[in-house]
Amino acid sequence: MVNLLEGKNIVIMGVANHRSIAWGIAQSLSKAGANLIFTYQGERLRDNVAKLTEELERESLLINCDVTKDEEVEAAFAEIKEKVGVIHGLAHCIAFAKTEELEGEFVNTSRDGYALAQDISAYSLVAVARAARPLMTEGASIVTMTYLGGERVVPNYNVMGVAKAALDASVRYLASDLGKENIRVNAISAGPIRTLAAKGIRNFNSVLKEIEERAPLRRTIDQSEVGDTALFLMSHLSRGITGEIIHVDAGYSIMGK
Ligand SMILES: NC(=O)c1ccc[n+]([C@@H]2O[C@H](COP(=O)([O-])OP(=O)(O)OC[C@H]3O[C@@H](n4cnc5c(N)ncnc54)[C@H](O)[C@@H]3O)[C@@H](O)[C@H]2O)c1
Ligand SMILES: Cc1c(CN(C)C(=O)CCc2cnc3c(c2)CCC(=O)N3)oc2ccccc12
């Protein structure tokens, strides 16, 4: 693979463990020559991320950032500015909703549960884009992770679906604002992958089985396929694309009932 990202500084937000989609993205970008900066949610995750990044070719910067705290977002990007100066890309792989609100009827969603899902899974992209913008002086590519449940009803996805719908619209409005500075904003809509964010999801196995039976490619997708699409979106090859949602789901989302 030609080194598509040689000399590029890219921020990756949302590595929790080796199954994280953010880690799949990190591996693809690292292989393409990128210098990576990782942000993680609180010190208890730092060791996980540190251990994982030891296997990468180049040394990585590790920075704490809980996206629910404006001061931590500002501090994180102040430290990134001080240590690397310019950034050429950012991968936002962050979401959260209360477990109990990811099953049963959506109509029972609580006010605070709805707000929490919106805050972490959608507003955080706006906050991060605003903080990263001054560092993106040479143009950049912002990539976030979305899911079909924001476009159509996926049973039990509930409050997270509404958050993804907000995320998808935020991608378009951010693309509109930032395009004049040659900052592109896109989303990857990934098919279901067994990560920590799939833990405790009621009958996740049947969600995966349905994909294997009905997706055009008759299989599920993995973190490396998302990683390679992120590489495309971070690189010059996607320079004409912004405000877009690219489905990496074995074609599942094109199928009717
Ligand atoms: N796994 C799937 O099936 C799937 C499919 C499509 C999209 N996605 C999306 O991919 C993204 C990554 O999820 P994943 O599947 O890799 O699971 P994951 O649990 O590995 O990643 C989620 C990350 O969000 C971080 N996070 C949660 N709250 C945070 C906060 N307040 N501040 C900072 N970070 C916080 C967690 O620390 C974790 O690293 C999410 O946006 C998810 O919605 C996942
Ligand atoms: C696919 C799929 C996923 C994976 N996906 C696309 C997601 O976006 C998962 C996001 C997520 C957000 N918050 C939490 C959890 C996962 C589980 C642990 C927790 O306590 N909170 O989640 C589903 C929930 C119901 C149905 C399908 C799915």
Side-chain angles (χ1 to χ4, degrees), residues 11-26 38-46 48-49 52 63-73 76 91-104 106 113-114 116-125 127-128 143-168 170-171 187-211 220-227 229-230 245-250 252-253:
V11 178
I12 299 190
M13 308 181 80
V15 173
N17 63 32
H18 71 288
R19 285 213 183 95
S20 295
I21 288 173
W23 181 241
I25 292 174
F38 292 87
T39 75
Y40 54 85
Q41 177 196 3
E43 289 311 319
R44 61 183 175 72
L45 282 184
R46 186 189 175 89
N48 286 22
V49 183
L52 281 169
I63 296 179
N64 174 62
C65 181
D66 177 336
V67 295
T68 63
K69 302 188 173 91
D70 283 331
E71 65 278 7
E72 290 201 14
V73 174
H92 171 279
C93 306
I94 291 172
F96 187 75
K98 290 181 179 178
T99 326
E100 63 273 19
E101 305 209 324
L102 291 177
E103 60 182 25
F106 171 66
Y114 188 105
L116 180 74
Q118 288 283 332
D119 186 12
I120 296 176
S121 316
Y123 178 72
S124 64
L125 180 69
V128 158
V143 177
T144 189
M145 292 303 307
T146 193
Y147 179 58
L148 181 62
E151 298 173 63
R152 300 206 290 272
V153 172
V154 171
N156 296 314
Y157 199 59
N158 297 356
V159 70
M160 266 307 306
V162 175
K164 289 304 190 186
L167 182 73
D168 294 353
S170 300
V171 163
I188 296 172
S189 181
I193 302 173
R194 196 180 293 287
T195 65
L196 193 61
K199 254 200 174 358
I201 299 296
R202 184 175 293 280
N203 53 55
F204 195 79
N205 288 334
S206 57
V207 173
L208 292 170
K209 189 160 167 285
E210 154 91 359
I211 310 296
T220 55
I221 58 104
D222 67 22
Q223 293 88 331
S224 72
E225 294 173 279
V226 175
T229 301
I245 296 174
I246 298 183
H247 292 78
V248 181
D249 65 352
Y252 181 76
S253 57

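When a ligand or atom number is given, it counts from 1 through the structure's own listing order. When a residue number appears, it is its place in the shown sequence, counting from 1. Only a predicted model underlies this, so the values are computations on that prediction, with no experimental measurement involved.
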Output all residues satisfying salt bridge (charged side-chain N to carboxylate O under 4.0 Å, His left out) with Asp222, sequence neighbours left out; order by chain, then residue number. none
Which residues satisfy the salt bridge (charged side-chain N to carboxylate O under 4.0 Å, His left out) test with Glu100, sequence neighbours excluded? none
Pair Glu101-Tyr114, side-chain donor/acceptor within less than 3.5 Å: no
State, without any angle test, whether His18 and Gln223 hold a side-chain donor-acceptor pair at a distance under 3.5 Å. no
Provide, line by line, the atom pairs where ligand 2 and the protein bring an N/O atom each to a distance under 3.5 Å; else say none.
{"unit_1": "ligand 2", "atom_1": "8 (O)", "unit_2": "Tyr157", "atom_2": "OH", "d": "2.7"}
{"unit_1": "ligand 2", "atom_1": "13 (N)", "unit_2": "Ala97", "atom_2": "N", "d": "2.8"}
{"unit_1": "ligand 2", "atom_1": "13 (N)", "unit_2": "Ala97", "atom_2": "O", "d": "3.4"}
{"unit_1": "ligand 2", "atom_1": "20 (O)", "unit_2": "Thr99", "atom_2": "OG1", "d": "2.7"}
{"unit_1": "ligand 2", "atom_1": "21 (N)", "unit_2": "Ala97", "atom_2": "O", "d": "2.7"}

Would you say [X]'s side chain and [Y]'s backbone share a donor-acceptor pair under 3.5 angstrom?
X: Gln118; Y: Tyr123; result: no
X: Asn48; Y: Ala16; result: yes
X: Arg152; Y: Ser253; result: yes
X: Asn17; Y: Ser20; result: yes

Residues lining ligand 1 [heavy-atom distance under 4.0 Å, listed by chain and residue number]: Gly14, Val15, Ala16, Ser20, Ile21, Gln41, Leu45, Cys65, Asp66, Val67, Thr68, Cys93, Ile94, Ala95, Ile120, Met145, Thr146, Tyr147, Lys164, Ala190, Gly191, Pro192, Ile193, Thr195, Leu196, Ala197
Nearest-0.5 Å distance that lies between atom CD in Gln41 and atom CG in Asn64: 9.0 Å
